[in-house]
Each structure stands twice: as structure tokens, then as C-alpha cells.
Number of protein chains: 2
Amino acid sequence: MRMNFTPQQLTAFLHLARSGSFGEAARRHGVSQPALSRTIQQMEAALGRRLFDRTTRSVVPTPTGLELRRIAETLVAEFDSAADDLARFVEGRSGRVAVAALPSIAAVLLAPAIARFRERHPEVEVAVLDGLSGPVLDAVAAGGADLGLTIRPPAQATLVYRPLLADEFGLVCRPEDAPAGEGPLPWSVFEGRPFVAMAPASSVRQMTDAAFLQAGLAVPPLYGCAFLGTVGPMVAAGLGLTALPRLTLPLLGSFGLVWRRLERPVMRRPMGVVTRAGRSPAPAVLAFLAELERQAKAMR
Amino acid sequence: MRMNFTPQQLTAFLHLARSGSFGEAARRHGVSQPALSRTIQQMEAALGRRLFDRTTRSVVPTPTGLELRRIAETLVAEFDSAADDLARFVEGRSGRVAVAALPSIAAVLLAPAIARFRERHPEVEVAVLDGLSGPVLDAVAAGGADLGLTIRPPAQATLVYRPLLADEFGLVCRPEDAPAGEGPLPWSVFEGRPFVAMAPASSVRQMTDAAFLQAGLAVPPLYGCAFLGTVGPMVAAGLGLTALPRLTLPLLGSFGLVWRRLERPVMRRPMGVVTRAGRSPAPAVLAFLAELERQAKAMR
DNA sequence: ATATATTGATAACCGATGCGCATGAATTTC
DNA sequence: GAAATTCATGCGCATCGGTTATCAATATAT
């Protein structure tokens with residue numbers, strides 16, 4: 001005896017068991033009365049037992065009908081709740097988002113995005129793994145993180161990169177060291193002045209080197225700091241000037257440093273998001289991505 | 001988003017999630033590979049999300065697929081267990097049987113039937129309501145009892161009666177009071193001897209009265225006892241003889257009384273089972289009925 | 001490197017199923 | 001006794017789920 005009732009059948013049955021009339025039950029179930037008659041007949045045939053003793057005047061559940069009602073009532077409830085769980089997940093209202101990010105991007109882009117996201121998706125768990133570029137990419141590739149926030153990585157078959165924000169480089173210095181005027185400055189502004197550089201492996205250093213190369217300048221790099229948090233105090237102490245993307249400014253510390261846009265060439269630090277190629281992200285991750293893009297657009 | 005997956009779809013999905021290959025999963029699910037492909041596509045369309053990221057070489061669940069797997073796994077288990085519960089009920093292996101019965105029938109027919117029944121149906125709860133004819137019929141009519149064991153009641157629209165056993169009347173007396181010989185005796189055997197009668201309302205009394213009337217005898221009834229348990233000691237004390245259906249003999253007590261079949265006329269007490277008309281009994285009740293009939297046949 | 005085999009997707013077709021409409025049969029009500 | 005109510009049935013239709021045959025893509029073998 002293979003009982004293979006569909007949730008449809010079970011709810012139809014429950015409507016009938018609850019209303020005690022085929023016409024009424026059919027209306028509530030949203031089908032015609034003959035359709036409901038057939039449905040019940042099929043269930044009875046499958047079981048080999050009547051579910052209702054019915055005359056033209058009354059519809060009374062048999063003991064088997066009562067038993068099925070007991071069972072179907074909980075089963076349908078389970079089913080509905082499961083459907084609800086799944087719907088919440090599919091709509092991105094439940095689940096988990098793990099984001100790997102460079103600390104600089106985490107500070108300026110990720111933090112506010114999480115704040116907004118959690119307002120709309122309070123049940124979604126958000127995990128942050130801050131690390132340098134390599135570990136970020138590794139985490140995404142290995143599946144430990146759903147997405148990675150970093151600067152554009154070299155093209156890779158297993159990862160996809162999508163740009164979010166291009167952060168422009170500018171001069172960073174104490175107010176009293178700033179050239180007169182208000183507009184953008186050329187990179188030649190660094191000529192003849194001490195330049196506080198980042199460590200040779202860092203993405204910022206590679207871009208400043210490239211800028212000087214393009215501009216045909218020879219500016220000797222000093223110090224070679226690994227962390228932005230170290231650069232701020234050094235500039236503030238008057239040890240030199242530096243060039244940094246605008247959004248990193250808050251990470252330097254509160255020393256009242258000024259930022260002036262640099263051009264010739266205009267340099268932009270491409271920040272974006274990487275995901276695994278060929279892997280569908282969880283709905284909550286997609287929703288978070290959308291929030292990230294909105295945040296990026298707002299900061300542009 | 002109305003998720004309305006059938007158990008079929010869910011188990012198909014689980015087969016795929018577990019095997020990681022359409023071909024293998026289709027085989028286990030008992031359908032062709034294209035059929036499974038389409039089933040999964042339909043589920044994905046219903047959800048608006050992919051459930052598996054697949055190439056020709058790999059089938060990997062998406063986050064949504066993992067979530068559905070988690071949900072479907074428990075849901076299908078619930079479903080199976082519910083189906084099992086229902087099957088046990090439908091096959092009469094679980095449930096409850098309430099039997100209303102005359103004490104005399106309960107003793108001779110019901111008790112052994114229950115004993116056998118419980119061997120085969122250990123999970124079925126059996127309740128006994130022993131009472132006189134009126135309350136027995138009332139209990140059945142009101143639904144408090146699934147079936148009633150009693151002597152044939154007057155025809156009633158709401159009840160159906162089915163005969164089980166016809167219990168023959170015989171002379172009951174002390175061995176020393178018995179007429180010589182071994183064969184059946186005529187009712188005239190009571191002429192001129194004290195006859196211990198039952199109460200006028202009892203079914204036995206009505207049949208003994210009828211027997212004397214048919215035989216054209218005038219035998220004055222003495223005492224008019226209401227309970228069989230009272231009749232035994234009285235006969236054993238030598239206060240008189242009586243006529244009783246054979247199967248009631250054990251109820252008289254252990255006084256070594258003898259029973260000799262009576263004829264001219266042969267009187268039979270019709271015992272049977274009553275059920276509600278137009279109401280399907282529970283499967284366990286049907287199984288119990290079958291056991292009752294087997295028991296009756298064995299005693300005939 | 002080219003051929004082969006494996007695997008999932010697609011196309012075409014077909015029988016079964018579920019539904020609605022119209023109608024029938026039984027019973028209560030006026 | 002006629003009308004109304006209620007569940008069951010017959011019939012036609014659209015949909016669905018299934019199979020076979022075939023395609024497209026990729027890994028493997030020669």
C-alpha cells in the first residue's frame with residue numbers, strides 16, 4: 001500500500017474534514033465541487049478505505065478519516081513551515097554571508113554596507129574575515145568566504161571580479177605643507193620633497209611607483225611602511241608627504257591631514273568584489289552584493 | 001513565491017543531492033535521466049534559483065540547494081513516518097477497538113477473541129464495556145462503542161445486526177437430579193419439578209417462557225434471578241432445575257452441574273454483533289470482527 | 001592533437017492526470 | 001408531491017510527467 005499523497009491532496013482533504021461539506025470545502029480549496037469529489041475518491045482508492053461516510057445530506061469522517069486528519073494536520077503544518085523557511089532563505093531574509101575583505105576596504109565600504117544590510121535583513125548572519133589580498137582571494141576560492149572585497153586581482157579562471165569603486169589618489173600632508181590653491185595637483189608636486197612610501201609589495205606602492213614612472217619623475221621612496229595606520233602619524237610628524245587613495249584618509253588617524261586630488265596621471269585604485277566563478281551565490285549574498293553596490297555608488 | 005513541491009519532487013531532489021550525478025540519481029529514483037533533469041529544472045523555476053551548479057562534469061549544490069536539502073531531508077522523513085503511521089492504522093495494526101458486550105457473551109466469546117486478537121495486533125488498544133442489552137445498544141448507537149455483542153435486538157434503522165453464534169438451551173441440574181441416559185431431553189422434563197427461572201425481563205427468561213408455551217407445558221417459574229451467578233448456587237443447592245444456553249455454563253460457578261441438550265422445541269439464543277448502520281468501522285475494528293467470527297465458528 | 005566516451009540538456013512525442021461544465025441520483029424541505 | 005440541496009458521474013480539454021532519440025560540452029585515451 002503506497003501512500004503517496006501530495007500536499008495538495010492533503011489540504012483538500014483537510015478542507016473537507018474541517019467544513020463537512022464538499023461544496024464549501026471545494027470553494028475554500030479553490031476548485032470545483034466535482035474536482036474535490038474526485039480527489040477524495042482517489043485518496044480513498046489509494047488507501048482502500050473510505051475517508052468519509054457520506055449521504056447527500058451529511059459528510060462524516062470515518063475512523064480512518066479521523067486518523068488521516070490527525071496526521072495530515074501536523075504534516076501540512078510541517079510542510080508549510082518548511083516552505084516558509086525555504087522562502088525566507090530564497091528571498092535572502094535568512095542565511096549567512098561571509099565576506100573576506102582588505103582592512104582598508106572593510107573600513108570604508110564594508111562597515112556601512114553591513115550596517116544598512118542588517119537593518120533590512122536582521123536574521124542574516126554576517127561574518128567578516130579581514131586580511132591581505134592573498135588570503136582574501138584564497139578564502140573566496142576555497143569557499144570559506146562568499147565574496148571578497150579587494151583591489152582588482154590578476155585574472156583567474158576560478159574567480160570573477162566585478163569593480164565597485166575606483167578610489168582616486170591624492171596628496172596627503174599637513175595643512176601647512178600643502179601647496180597654495182584649491183585645485184588638483186600634478187604628481188610633480190612631490191619632486192624635491194620627502195615622500196613617505198608604502199612597503200614595496202603593497203598595492204598602493206605599486207600604483208605610486210607606476211604614477212612616478214608615467215610622469216617621468218624620480219622621487220625616492222622613504223620608510224616603506226606596511227600599514228596605513230603607521231603612515232598617518234609619520235606624515236603628521238612632518239617626516240614627509242605621501243599619496244593615497246581618498247577613502248583611506250580616515251584610516252590614517254585624526255591628525256587633521258589634508259587631501260588634494262592628484263592628476264597627470266590620474267591614478268585610481270580599483271576596488272571590487274570577487275566571487276567564485278560558476279558558483280551561484282546564496283540569495284542573502286546577492287542581496288548583500290546589491291547593498292555593496294549601492295554603498296559604492298553613494299561614495300562615488 | 002508559492003513553493004508547492006510534491007514528495008516525489010523532494011525525493012528526486014534528494015537522490016540527486018546525495019549522488020551528485022543525474023544519471024545515478026535518476027536510476028535510484030527509478031526514472032530516466034531527462035525526466036530528472038526536467039524535475040530539477042521545474043523546481044528551480046518554481047524557486048527562481050538554481051539548486052545545483054552543473055557542468056557536464058560536475059553537479060554541485062548551490063547554497064539554496066544545500067538549504068533545501070537540509071529542509072527536504074527532515075520533511076521527507078516526516079512524510080514517510082506519517083505514511084507509515086497511516087498504513088499501520090489502515091492495516092488494522094494500530095488504533096482502538098471499543099466493544100460493548102453482555103457479560104455472558106463477554107465471558108465466553110469476547111475474552112478468548114481478545115486474547116487471540118492481541119497476539120496479532122499488539123498495538124491495538126481494546127476496551128470492553130460490559131452491560132445489559134439496552135446500554136450495549138445505546139453505546140453502539142452513540143458511537144461510544146465500535147461494536148456491540150448481544151443477543152439479536154429488534155430491527156433498528158441506525159444499527160445493523162449480524163449473527164455470530166446460536167447457543168442451544170439445555171437442562172442444568174446436579175448430576176444426581178439428571179434423568180437417566182445420555183441423549184437430548186424434551187422440555188417436558190421440567191413438568192412437576194421446581195424450575196429456577198430468570199428475571200422476567202431477561203432474554204433467557206423470555207426464551208424459556210416461549211419454549212414452555214410452544215411445548216404446551218405449564219411450568220411455574222420460581223425465584224426470578226437477575227444474574228446467572230445467582231442461579232448456579234441455587235441449582236447446586238438442590239432448589240430446582242433450570243434451562244440455560246450451553247455457553248453460559250461456566251458462569252454458573254464451579255459446582256459440577258451437568259448440562260443436557262433440550263429439544264421439542266430446540267431453542268437457540270441468537271448471539272451476534274451490532275454496528276452502526278452506514279458508518280465505516282475502523283480497520284482494527286474490522287480485523288477484530290473477523291477474529292470474533294473465527295472464534296464463534298470454532299465454538300459452534 | 002584528434003578521436004572517443006561520458007554526462008547533462010533539449011526535442012519530439014505520448015499516455016495519464018486533473019479540472020471544469022453539464023448532468024444525474026438521492027434526500028430533505030416546503 | 002414539487003422544489004431545492006448535495007454528492008456523484010460522464011465527457012471534453014489542457015497540462016504534465018515520462019520515454020526515446022539526439023545534441024553539446026568536456027574529460028580521457030591513443
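Naming: A, B, ... by sequence-line order, numbering from 1 per chain. In this text, all values refer to a predicted model and were calculated from it rather than measured experimentally.
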| said: I need the full list of ring-ring contact (aromatic ring centres under 6.0 Å, His included) pairs touching residues 141-162 of chain A, with sequence neighbours left out, sorted by first then second residue. | reply: none
In this structure, how many angstroms lie between the [atom2] atom of [N] and the [atom1] atom of [X], rounded?
X: Arg27(A); N: dC7(D); atom1: CZ; atom2: C1'; value: 14 Å
X: Arg54(A); N: dT6(D); atom1: CZ; atom2: C1'; value: 12 Å
X: Glu44(B); N: dT10(C); atom1: CD; atom2: P; value: 11 Å
X: Gln41(A); N: dC19(C); atom1: CD; atom2: P; value: 13 Å

Which atoms of nucleotides 1-5 of chain D (N or O only) lie under 3.5 Å from a protein N or O atom, and what are those distances?
residue: dT5(D); atom: O2; partner: Arg57(A); partner atom: NH1; Å: 3.2

| query | Does anything in residues 270-287 of chain B pair up under salt bridge (charged side-chain N to carboxylate O under 4.0 Å, His left out), and if so which pairs, sequence neighbours excluded? | reply | none
| query | Which of the following nucleotides, dG8(C), dC7(D), dA8(D), is nearest to the side chain of Ser37(B)? | reply | dG8(C)
Solution key, residues 12-21 of chain A side-chain donor-acceptor pairs under 3.5 Å, sequence neighbours excluded:
residue: His15(A); atom: ND1; partner: Thr11(A); partner atom: O; Å: 3.2
residue: His15(A); atom: ND1; partner: His29(A); partner atom: ND1; Å: 3.3
residue: Arg18(A); atom: NH1; partner: Glu73(A); partner atom: OE2; Å: 2.1
residue: Ser19(A); atom: OG; partner: His15(A); partner atom: O; Å: 3.2
residue: Ser19(A); atom: OG; partner: Ser21(A); partner atom: N; Å: 3.3
residue: Ser19(A); atom: OG; partner: Ser21(A); partner atom: O; Å: 3.1
residue: Ser19(A); atom: OG; partner: Ala25(A); partner atom: N; Å: 3.4
residue: Ser21(A); atom: OG; partner: Gly23(A); partner atom: N; Å: 3.4
residue: Ser21(A); atom: OG; partner: Glu24(A); partner atom: N; Å: 3.2

| request: Compare all side-chain heavy atoms of Val124(B) with those of Arg96(B) and state whether any distance is below 4.5 angstrom. | output: no
| said: Quick one, Arg69(B) and Pro61(B) - any side-chain contact, counting heavy atoms below 4.5 Å? | reply: no
| message | Test: side chain to side chain donor-acceptor pair (under 3.5 Å). Region: residues 39-50 of chain B. Which pairs qualify, not counting sequence neighbours? | response | Glu44(B)-Arg54(B)
| task | With sequence neighbours excluded, tell me which residues meet side chain to side chain contact (heavy atoms under 4.5 Å, CB included) with Pro34(A). | result | Ser32(A)
Ignoring hydrogens and angles, write down the donor-acceptor pairs under 3.5 Å from the side chains of residues 81-89 of chain A, residues two or more places apart or on other chains.
residue: Asp85(A); atom: OD1; partner: Arg88(A); partner atom: NH1; Å: 3.4
residue: Arg88(A); atom: NH2; partner: Glu123(A); partner atom: OE1; Å: 3.0

| task | Summarise protein proximity over nucleotides 12-23 of chain D in one line of letters, 5' to 3': B for base, S for sugar-phosphate only, - for none, counting protein heavy atoms closer than 4.0 Å. | result | -----BBBBB--
What donor-acceptor contacts under 3.5 angstrom involve side-chain atoms of residues 130-157 of chain B, with partners at least two apart or in another chain?
residue: Asp146(B); atom: OD2; partner: Ala98(B); partner atom: N; Å: 2.8

Run the side-chain donor-acceptor check on residues 281-296 of chain A: report pairs under 3.5 Å with partners two or more places apart or on a different chain.
residue: Glu291(A); atom: OE2; partner: Arg116(A); partner atom: NE; Å: 3.3
residue: Glu293(A); atom: OE2; partner: Arg162(A); partner atom: NH1; Å: 2.8

| message | Among residues 13-21 of chain A, which ones have heavy-atom contacts with DNA chain C below 4.0 Å? | response | none
| query | Got a sec, which residues hit side-chain hydrogen bond (donor to acceptor under 3.5 Å, both in side chains) with Thr64(A), two or more places apart in sequence or on another chain? | reply | none
